[in-house]
**Q** 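Sending over a structure as structure tokens; questions will come in a sec.
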Amino acid sequence: MKQTLEALLKHAVDALQNEGVLAKDLSINIIIERSRDAQHGDFAANLAMILAKHAKMNPRVLAEKLIAALPDDNAVSKVDIAGPGFINFFMDASAQFDILKVIHEQGADFGHSQVGAGKKVQVEFVSANPTGPLHVGHGRGAAYGSVVADLLTAVGYNVQREYYVNDAGRQMDILATSIWLRYLEECGEPVRFPENGYRGEYVRDIARDVYRNVNNDYRRPFDLVLENIPADESQGGDKEAHIDALIARAKVLLGDGYADVFRAGLTTILDDIRDDLHEFGVDYQHWFSEQSLVNDGSVAKALAKLKASGHLYEKDGALWFASSTLGDEKDRVVKRENGQYTYFASDIAYHMHKLERGFDKIIDIWGADHHGYIPRVKAAIQALGADADKLHVLLVQFATLYRGAEKVQMSTRSGEFVTLRQLRDEVGKDAARFFYVMRRSEQHMDFDLQLATSKTSDNPVYYVQYAHARVCSVFRQLVEKGLPRDLLSGMEFINKLTEEHEAALLSTLARYPETVERAALSYEPHQLILYLRELANDFHTYYNSHQFLVDDANLRDARLNLISAVRQVLANGLKLLNLHAPESM
RNA sequence: GCGCUUGUAGCUCAGCUGGAUAGAGCAUCGGCCUUCUAAGCCGAGGGUCGCAGGUUCGAGUCCUGCCAAGCGUGCCA
């Protein structure tokens, strides 16, 4: 309907340009928006106010000329000038009813579109180090990323979801070493566990698995393990040096066994993460291994490419990327003095790999604490000869957990954190997803566990789901009362829907496709949640003030068609968010 | 110090990219179940949009400067 009005206005502008009222070379962006207030009609255009200056004319006068030049259209019943020069459009009531037919015909596809035109987009999200179970901080990224991906799919993009597995870094070595030390404890060795090791209970679980598989094969006397190892922090030393030495020692003492322990940790934890996310309604097309970039020479290749284009130099025995010439604050090391690549080096290779895979758009979803990392990655993409605007980094703030008014304390290091699994157990998948995505992703968020589990009207998840269940309930009542339903007759007598509440619902329903599109293109799932709450509210209000199963069969059929459309749109929206649309509650 | 993000009702947050009288939920107060599910609805109170300038027909939204909070500023990931 917006497009129709835009076309009409365009026509009027052309006419005025031909008459010489408006300059021909004017670049005009016609914006039609929905009126917030029903008094202002259904749609409004601010065109006259924007053009007033160029035309050297009072906006209201110009609006009058525009309206005079407007072609007739059946869908428009009245056009007004209001306020400083708004052009308000009142749409014909019969045109408003068309949306019900559209919803009925398109069903589950209603709201989908092709604005993405099949362009290839990659959405990479969560990508937490596989050094332990996901915690609630990752949950928000998971919920947000998956909905962004689903929204983009709904508007016609060809979306690939990817998880980048950081299986190559030092953190993984710390994990493997932690597992081995817990294993030695299992064997009965008097282990002093390093302060920088991973202390979570899951490390012991993996260690026990290893023990079950190899018995004492990897057992070494702890005295030997500790020989000449620099002291840990509480012993007056440096905890980083201590753990690094332990890692090196583990590799020496275990030989091939080290890789075995390492793999046990990686696969166990990755399987757990995969399973966890799956149950949270998050699935990926690809799990991309960082180690594979090192193994297949991609990192070396990426650096060679940077070197060839003159973006690398050596200093202090290390290899540097001159990112400061491309907008970064300072240059960054890609290969350390000790010959090892930095994390950033594999990230350059990773993004080169993404570029080579031919995505039109690359979306990285990161925790907001990584925001300082954006300029260097963009610099890398540019240095690789690609367009840095292809990369869109979306930031997700952490959520602070509350139980009522009480803040839930968390600390990853000590192992005392709330896992995503615990959250799902406590509040359920639907409430968790809904709450995570309810707020703008860059906004700090307070997640109240008590509210999310409350089965009262306080809880917005139930509010929306209840609206869906209520429609279903009406149809059950219809059957119980033995009343017939005639869909076609309902469409035929659709103009019996003359109540204010019905008009409001029709207009809200019509807004769904543009809401989905806006939410998708601006990566803002909360727009969809907001919409669903509005639609649910419109419905509940309607429900409370009018009976649907009335004696007048024609009116009844018309109303059933309306609420059936409401149910369809609620279901479509809930599905996009990967939430259940319950038939009863 | 510099950079990024945030600042809107008592609390948690929206505000459609510059539009008309700044909205919603919770909380508070007052109403509505003999009727399709009260997990619902209706009503009331509650605001210097952090502060000060600027841009223009028009600013919560844009620009500048302050103030406050969070994060970043590693040859960590």
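None of these values were measured; they are calculated from a predicted model. Here is how names work: the chains are called A, B, and so on, in the same order as the sequence lines, proteins then strands, and each is numbered from 1.
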**Q** Does any pair with a residue in residues 548-559 of chain A pass salt bridge (Lys or Arg N to Asp or Glu O under 4.0 Å), and if so which ones, sequence neighbours excluded?
**A**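 Residue pairs with at least one partner in residues 548-559 of chain A: A:K496-A:D552, A:E502-A:R559.
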**Q** Between the side chains of A:Q527 and A:E524, does any donor sit under 3.5 Å from an acceptor?
**A** yes
**Q** Hey, is A:K354 close enough to A:E124 for a salt bridge, meaning N to O under 4.0 Å?
**A** yes
**Q** For residues 333-349 of chain A, which residue pairs pass the salt bridge (Lys or Arg N to Asp or Glu O under 4.0 Å) check, not counting sequence neighbours?
**A**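 Output for this query is empty, none listed.
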**Q** Using the C1' atoms only, state how far B:G58 lies from B:C51, rounded to an integer number of Å.
**A**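 Approximately 22 Å lies between the C1' atom of B:C51 and that of B:G58.
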**Q** What string of B, S and - do you get for nucleotides 4-9 of chain B 5' to 3' if you count protein non-hydrogen atoms under 4.0 Å?
**A** BSS---
**Q** Are A:D328 and A:K378 close enough for a salt bridge, meaning some N to O gap below 4.0 Å?
**A**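 Salt bridge: no.
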**Q** Using the 3.5 Å cut-off, write out each protein N or O paired with an N or O of nucleotides 33-35 of chain B and the distance between them.
**A**
none

**Q** Considering every strand and a 4.0 Å limit on heavy-atom distances, what is the contact class for A:A318: base, sugar-phosphate, or nothing?
**A**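 Base contact.
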**Q** Can you tell me which stems RNA chain B forms, taking runs of 3 or more consecutive Watson-Crick or G-U pairs with both distances under 3.5 Å?
**A**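 Stem segments, range with range: B:1-7 with B:67-73, B:10-13 with B:23-26, B:28-32 with B:40-44, B:50-54 with B:62-66.
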**Q** With a 4.0 Å cut-off on heavy atoms, is A:A467 in touch with a base, just the backbone sugar-phosphate, or nothing at all?
**A** nothing
**Q** Regarding A:H526, tell me which of base, sugar-phosphate or nothing describes its non-hydrogen contacts under 4.0 Å with the strands shown.
**A**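 Sugar-phosphate, no base atom in range.
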**Q** For A:F86 and B:A20, are the ring centres under 5.5 Å apart with planes inclined under 30°?
**A**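 Aromatic stack with B:A20 present for A:F86.
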**Q** Taking only heavy atoms on the protein side, list every residue of residues 548-555 of chain A lying under 4.0 Å from any atom of RNA chain B, sorted numerically.
**A** A:F548, A:L549
**Q** A quick test of your reading: do over 12 heavy atoms of other residues, nucleotides or ligands sit less than 6.0 Å from NE2 of A:H540?
**A** yes
**Q** To the nearest angstrom, how far is A:E329 atom CD from B:C2 atom P?
**A** 12 Å
**Q** Just wondering, do A:E583 and A:R476 contact through their side chains at under 4.5 Å, heavy atoms?
**A**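 Yes, at least one pair of side-chain atoms sits under 4.5 Å.
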**Q** Hey, does A:N88 reach any base, or is it just sugar-phosphate, or nothing, if we go heavy atoms under 4.0 Å?
**A**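 Base, at least one base heavy atom under 4.0 Å.
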**Q** Whole angstroms only, please: what is the CE-P distance between A:M585 and B:A38?
**A**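 Interatomic distance, CE of A:M585 to P of B:A38: 13 Å.
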**Q** For the residue pair A:E240 / A:N196, report whether a side-chain donor-acceptor contact shorter than 3.5 Å exists.
**A** yes
